[in-house]
Protein chains: 2
Amino acid sequence: MSLDPHSGVPLHRQLAAALRARIAAGEWPAGGLLPPSARIGYDYGVGKATVQAAVTALRAEGVIDVERGVGIRVREPAERELVSVPRGAEIEARMPTPEERAELGIPEGVPVQVVTTGGRVRGVYPADRVKLRPR
Amino acid sequence: MSLDPHSGVPLHRQLAAALRARIAAGEWPAGGLLPPSARIGYDYGVGKATVQAAVTALRAEGVIDVERGVGIRVREPAERELVSVPRGAEIEARMPTPEERAELGIPEGVPVQVVTTGGRVRGVYPADRVKLRPR
DNA sequence: TGAAATTTGTACGTATGTATA
DNA sequence: ATATACATACGTACAAATTTC
């Protein structure tokens, strides 16, 4: 349950793993709030920066959302729309640029899928809201 | 060139944007090293934690790699292998779990593409090394 | 309306550890 | 062995957003 400072694994990674496991186990429901970060730090006996690092990592994984003044929320899976992709197209995935994140309203930790045909970009899709299907 | 503490935009975001732009402009070649983080902090007049936050963000975007004891390296685009995807399959993208990152050797800031048919997972591909093509 | 409490964000500094050159 | 460079981790202070009273 607790963390081991002598395990060789950094505390912030241990903490991220612990929280990830508790979230996966359903300890907090999707859309629900984790305890305040100060409480988490107290419970696990680590400082603020360590909690911050763990939270940053889980955000980058798309596991949580953090709302300032509110708390740390378990991300809810979004509805996924089916998008057909023609034969011969190519599908790549990558992290969005900040501009794309702003324009498309993409949360942190969510990649984009890019569909191209003949080198021309046909679509850029937030990966949490689409499933691509070859037609 | 420099940062504005009064712009309302956090310094670490401004710094990340500045470095992103300089990288995109080719100021440092792919595979090359940025200046040491201490130098970056000195040049931009910000503290160590601020540089760290900017570096963490650029890592999560897949723009840079950080090698301990070496420096901050501009990531080189990997060779992309073409993978055919059958009709009727579904393609999703997401950030990998830490286990997947370890098993597949996926760098930070790189999503995975997941191909399923009939709900069964047919493949999990590091997105920096594949392009999927509907066949 | 507004004040207070809660909670996260930003940013600094300091010290120590560890990998590489 | 020494120097360089990033990583970890602590603490502190203040700012900003939200909720509650």
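It should be emphasised that the depicted structure is a prediction, and the values quoted were computed from it without experimental measurement.
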Quick check on C/dT7: is either OP1 or OP2 less than 4.0 Å from any side-chain nitrogen or oxygen of A/Ser37?
no
Quick one: A/Leu33 CG to D/dT19 P, roughly how many Å, whole number?
10 Å
note: B/Ile64, atom CD1; D/dC6, atom P; distance rounded to Å ~ 10 Å
Treating A/Arg75 as the side-chain partner and A/Asp65 as the backbone partner, does any N or O pair qualify as donor plus acceptor under 3.5 Å?
no
If you take all heavy atoms of A/Pro35 and A/Ile72, which pair is closest and at what distance?
O-CD1, 4.2 Å
What string of B, S and - do you get for nucleotides 13-21 of chain C, 5' to 3', if B is base contact, S is sugar-phosphate-only contact and - is no contact with any protein heavy atom under 4.0 Å?
--B-BBBS-
Can you name the nearest heavy-atom pair linking A/Ala89 to A/Val85, along with the distance?
CB-CG1, 3.6 Å
Do any N or O atoms from the side chain of B/Gln14 and from the backbone of B/Val9 form a donor-acceptor pair under 3.5 angstrom?
yes
Distance check needed: D/dA9 P versus A/His6 NE2, whole Å only.
12 Å
Specify the separation, in whole Å, of atom CZ of B/Arg13 and atom C1' of C/dG9.
10 Å
Value rounded to 0.5 Å, distance of CZ in A/Arg39 from OH in A/Tyr44
11.0 Å
Please tabulate, for the side chains in residues 128-135 of chain B, all donor-acceptor contacts under 3.5 angstrom to protein atoms that are two or more places apart in sequence or on a different chain.
residue  : atom : partner  : partner atom : Å
B/Arg129 : NH2  : B/Leu104 : O            : 3.2
B/Lys131 : NZ   : A/Glu90  : OE1          : 3.4

Please answer whether the main-chain N or O of B/Val46 pairs with a side-chain N or O of B/Thr50 as donor and acceptor at a distance below 3.5 Å.
no
When the distance from CG of A/Leu3 to C1' of D/dC10 is rounded to whole Å, what number comes out?
15 Å
When the side chains of residues 111-119 of chain B are checked against the rest of the protein, which donor-acceptor pairs come out under 3.5 Å, sequence neighbours left out?
residue  : atom : partner  : partner atom : Å
B/Thr117 : OG1  : B/Arg122 : NE           : 2.4
B/Thr117 : OG1  : B/Arg122 : NH2          : 3.0

Check whether any side-chain heavy atom of B/Glu61 sits under 4.5 Å from a side-chain heavy atom of A/Arg94, and report yes or no.
no
Near DNA chain C, which residues from residues 100-110 of chain B have a heavy atom under 4.0 Å away?
none
Whole angstrom is fine here: how far is it from OH in B/Tyr42 over to P in C/dC12?
15 Å
Given C/dT8, D/dC10, D/dA5, which nucleotide is nearest the side-chain atoms of A/Thr50?
D/dC10
Within the side chain of B/Glu103, is there an N or O that forms a donor-acceptor pair under 3.5 Å with the backbone of B/Glu100?
no
To the nearest Å, how far apart are B/Asp65 CG and D/dA5 C1'?
16 Å
Among residues 52-63 of chain B, which contact DNA chain D at a heavy-atom distance under 4.0 Å?
B/Gln52, B/Arg59
Indicate yes or no: at least one non-hydrogen side-chain atom of A/Leu11 is less than 4.5 angstrom from one of A/Leu15.
no
Interatomic distance, A/Tyr44 OH vs D/dT8 P [rounded to whole Å]:
19 Å
B/Leu33 to B/Gly71 - nearest heavy-atom pair and separation
CD2-C, 4.0 Å
Nearest heavy-atom approach of B/Gly31 to B/Arg73 is O-NH1, 2.8 Å
B/Arg80 atom CZ, over 12 foreign heavy atoms within 6.0 Å:
yes
Looking at five pairs on each end of the helix from C/dG2-D/dC21 to C/dA21-D/dT2, what is the angle between the two axes, given to 10 degrees?
10°
